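What follows is a single structure, written as structure tokens, with notes after it.
These figures come from a predicted structure and were not determined experimentally. Values reported hereafter were calculated over all heavy atoms of this structure, with side chains retained and with hydrogens, waters and symmetry mates removed. The sequence lines fix the lettering, A, B, ..., with proteins before strands; numbering per chain opens at 1.
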Amino acid sequence: MTDIRVRFAPSPTGELHIGGARTALFNWLFARNRGGKMVLRIDDTDKQRSSPEFLNSIITSMKWLGLDWDEGPERGGDYGPYLQSERLDLHRAEAQKLVNEGKAYYCFCTAEELTAEKENKRLQGLPPRYSGKCRYLSLEESEDKKAANSFVIRLLVPEEGETVVEDLIRGPVVFENKIFDDFIIMKSDGLPTYNFASVIDDYKMEITHVIRAEEHLSNTPRQQIIARQLEYKLPLYAHVPMILAPDHSKLSKRHGATSVQEYREMGILPEALINYLALLGWSPGEDREIMNIDEIIDSFSLEKVSKNPAIYDLKKLIWLNGHYLRTIDLRTVVQRVLPFFKDNEHLSKTMNSYQEVFLNETMEKVVDLVRDRVKTLREVVEASDYFFQDDFSYDEKGVEKHFRKKSTGDILNQIFNTLETVEPFQASRIKEELEKLSQRLNVPLAQINLPTRLAITGRTMGPELFDIISFLGRDRVLERLKRAKELFTFA
RNA sequence: GGCCCCUUCGUCUAAUCGGUGAGGACACCAGCCUUUCAAGCUGGCAGCAGGGGUUCAAAUCCCCUAGGGGUCACCA
């Protein structure tokens, strides 16, 4: 049995979006599950829209997700080059071969002629197919015209019979050959079209399974026709369902965050995104949702990929992210969240004054305190500001609720006194003393804790109060209590 | 418009060869826990697109209709 080889072949004309990422993931999972090879090929034959920046960003995204490749850019391999644009000689040779064998021909029709023709057909209610006008030019005639005219190469498509795509996910899909016209395989700029290049490269790279999005299903018979004319053995095909936006339309920038980079910047963890993406269009067949990458690899199979398109749901991704945020190793979370702190102008200044070791220690404590109550790395930062800066603002509703009664002012004084003397200054002791205070004053503990929390954090919600107090230390706590007393009128 | 694919709670999905009170997860709601907010736990709401067949029996097989998506580029 031949070894399994799959490929992910993005075109560098945009960022890697979640649809592409999911396709890459399924290819990768299939390869890893079956002990096959994952090939990364860059389909950059659209020289207008392709750019090295996008190539870079796609590679960055894949690495971030942990989707590595056995052959491709930066890694090399025996089937290179892996940039489609560098395989041009190969494509040209194959095209020439088809022309020589009479299976393809030169076409000199201009773009204007073709659009006019199509418009005409459309008005008559006919399908907009190419007429086949240049089909019967002799090779000699064509050679003459080539010097003075721009041209494309079209494949001579048989009109009889049918082409069947044996799809691993959908079963056999039948297409009548008569619906295809003589489509272009080499463009007038001398570059191959996607359908042509991709067939050649898949074959030459010995790809065994072509796993790609369903939007390619309708193009597959064309590719099979090309392969047949080239006398290639066909790969196996699996068309995975598309990922749609919440409004059921095809994914695009106007739908908010769709690229992997955006999720990354939002503070989504790669573990969460992988888990979430795996669940879009695939399920292990049991009631399991949270799975680490090894578990996903183990249970992955193309048979369990569903046929229907999936609409992505940000809420579920965020939920999963929250899960991973509080489950994975604390140090890892700290490493991941550090860049987000550095992005925050206000906080980065304070943090720059910290020493590296102290910073890590501090961050571990802070992250440990807040990560249970937030869902993204970005929110970790938002929830931590008062740990690093003293001039925070106070929640308005909280102020109305807790800082308006004279009795609260008195209680705050008592709290101040208690915290001034409590020894040692640690969470459990502080808790004891404040509980005692509540008994002594005969007020519910909440009447002590809520105003204290507001005074020292500016917020009405957050981590365990006693932990915050002990973390901040006596001086800063007392200072903040004093400031709250001065800032607000308790009457 | 032609062709192709798809159709189970709002969303992601499960349901070996037809027999299930149609299961799970997110979201939502309620309760518990509790110093707040979360988390966690418990419970609730909610679905087989519609119509015909086949069958003792259909979410599951067949047909039709409707809806959604894709594709028909010198984009990939």
Give the rounded distance in Å between these two atoms: [atom1] of [X] and [atom2] of [N].
| X | N | atom1 | atom2 | result |
| --- | --- | --- | --- | --- |
| Phe466(A) | rU36(B) | CZ | C1' | 10 Å |
| Leu279(A) | rA14(B) | CG | P | 10 Å |
| Ile318(A) | rU11(B) | CD1 | C1' | 15 Å |
| Leu445(A) | rU36(B) | CG | P | 9 Å |
| Ile179(A) | rC4(B) | CD1 | P | 7 Å |
| Asp372(A) | rA38(B) | CG | P | 13 Å |
| Tyr194(A) | rU71(B) | OH | P | 11 Å |
| Leu155(A) | rC74(B) | CG | P | 14 Å |

Taking the side chain from [X] and the backbone from [Y], do they hold a donor-acceptor pair closer than 3.5 Å?
| X | Y | answer |
| --- | --- | --- |
| Arg404(A) | Val399(A) | no |
| Arg22(A) | Leu280(A) | yes |
| Arg453(A) | Gly458(A) | no |

**OP:** Nearest-nucleotide wise, let me know which of Tyr276(A) and Leu465(A) is further upstream toward the 5' end of RNA chain B.
**Re:**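 First, find each residue's nearest nucleotide; the 5'-ward one identifies Tyr276(A).
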Original post:
Start at the 5' end of RNA chain B and walk down; is the nucleotide closest to Glu176(A) or to Lys307(A) reached first?
Top reply: Glu176(A)
Please work out if [X] contacts a base, only the sugar-phosphate, or nothing of the nucleic acid, heavy-atom cut-off 4.0 Å.
| X | answer |
| --- | --- |
| Arg49(A) | base |
| Cys107(A) | nothing |
| Val174(A) | sugar-phosphate |
| Val152(A) | base |
| Arg212(A) | nothing |
| Pro463(A) | base |
| Ser50(A) | nothing |
| Gly322(A) | nothing |

Subject >> Side-chain heavy atoms of Pro270(A) within contact of Arg336(A), under 4.5 Å >> reply: yes
**OP:** Check whether any side-chain heavy atom of Pro10(A) lies under 4.5 Å from a side-chain heavy atom of Arg41(A), and answer yes or no.
**Re:**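 They are not in contact (no side-chain heavy atoms under 4.5 Å apart), so the answer is no.
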Dump the pairs, protein N or O against N or O of nucleotides 46-50 of chain B, anything under 3.5 Å, distances to one decimal.
none

Original post:
Centres of the Phe387(A) and Phe471(A) rings: under 6.0 Å?
Top reply: yes
For the side chain of [X], counting heavy atoms from C-beta on, which of [options] is nearest?
| X | options | result |
| --- | --- | --- |
| Ser306(A) | rU13(B), rA76(B), rC4(B) | rU13(B) |
| Ile311(A) | rC37(B), rA76(B), rU11(B) | rU11(B) |
| Asp181(A) | rA76(B), rU13(B), rA73(B) | rA73(B) |
| Phe175(A) | rC12(B), rA38(B), rC4(B) | rC4(B) |
| Arg453(A) | rC74(B), rU13(B), rU36(B) | rU36(B) |

Does any nucleotide pair with [N] by Watson-Crick or G-U wobble geometry, both distances under 3.5 Å, and what is it?
| N | answer |
| --- | --- |
| rU42(B) | rA30(B) |
| rC48(B) | none |
| rC17(B) | none |
| rA25(B) | rU11(B) |
| rA59(B) | none |
| rC3(B) | rG70(B) |

Does the side chain of [X] come under 3.5 Å of the side chain of [Y] through a donor N or O and an acceptor N or O?
| X | Y | answer |
| --- | --- | --- |
| Glu159(A) | Asn177(A) | no |
| Arg228(A) | Thr163(A) | yes |
| Asn27(A) | His209(A) | no |
| Ser61(A) | Glu15(A) | no |
| Gln223(A) | Asn195(A) | yes |

**OP:** With sequence neighbours left out, write down each residue that passes side chain to side chain contact (heavy atoms under 4.5 Å, CB included) with Leu434(A), or none if nothing qualifies.
**Re:**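 For Leu434(A), the residues satisfying side chain to side chain contact (heavy atoms under 4.5 Å, CB included) (neighbours in sequence not counted) are Ile415(A), Thr418(A), Ile430(A), Leu437(A), Ile448(A), Asn449(A), Phe466(A), Ile469(A).
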**OP:** With side chain to side chain contact (heavy atoms under 4.5 Å, CB included) as the test, would you mind laying out the steps for Tyr312(A) and Tyr276(A) before giving the verdict?
**Re:** CA-CA 9 Å; Tyr312(A) 75 89; Tyr276(A) 177 70; 3.6 Å; yes
Original post:
For atom CD of Glu286(A), is the number of surrounding heavy atoms from other residues, nucleotides or ligands below 6.0 Å larger than 12?
Top reply: yes
Original post:
Taking atom NZ of Lys187(A) as the centre, does the number of heavy atoms from other residues, nucleotides or ligands within less than 6.0 Å exceed 12?
Top reply: yes
Does a side-chain N or O from [X] land closer than 4.0 Å to OP1 or OP2 of [N], or not?
| X | N | result |
| --- | --- | --- |
| Asn308(A) | rU8(B) | yes |
| Lys187(A) | rC75(B) | yes |
| Thr13(A) | rA76(B) | no |
| Arg326(A) | rG40(B) | yes |

Dump every N/O contact between nucleotides 67-70 of chain B and the protein below 3.5 Å, one line per pair.
{"residue": "rG70(B)", "atom": "O2'", "partner": "Glu215(A)", "partner atom": "O", "Å": "3.4"}
{"residue": "rG70(B)", "atom": "N2", "partner": "Ser218(A)", "partner atom": "OG", "Å": "3.2"}

**OP:** List in numerical order all residues of residues 426-435 of chain A for which some heavy atom is under 4.0 Å away from an atom belonging to RNA chain B.
**Re:**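 Here the set is empty: none.
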Could you list the protein-to-nucleotides 25-28 of chain B atom pairs, N/O on both sides, closer than 3.5 Å?
{"residue": "rA25(B)", "atom": "N3", "partner": "Lys316(A)", "partner atom": "NZ", "Å": "3.2"}
{"residue": "rC26(B)", "atom": "O2'", "partner": "Lys316(A)", "partner atom": "N", "Å": "3.4"}

Original post:
Looking only at heavy atoms, which two atoms of Ala272(A) and Asn321(A) are closest? And how far apart?
Top reply: CB-OD1, 3.3 Å
Subject >> From NZ (Lys103(A)) to CG (Leu156(A)), nearest 0.5 Å >> reply: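 Output value for this atom pair is 10.5 Å.
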Original post:
How far does the P atom of rC26(B) sit from the matching atom of rG19(B), given to the nearest Å?
Top reply: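 Those two atoms are separated by 28 Å.
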Original post:
When you compare rC6(B) with rG10(B), how far apart are their P atoms, in angstrom units rounded to a whole number?
Top reply: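 It works out to 22 Å between them.
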Original post:
Residues in ring-ring contact (aromatic ring centres under 6.0 Å, His included) with Tyr324(A), at least two apart?
Top reply: none
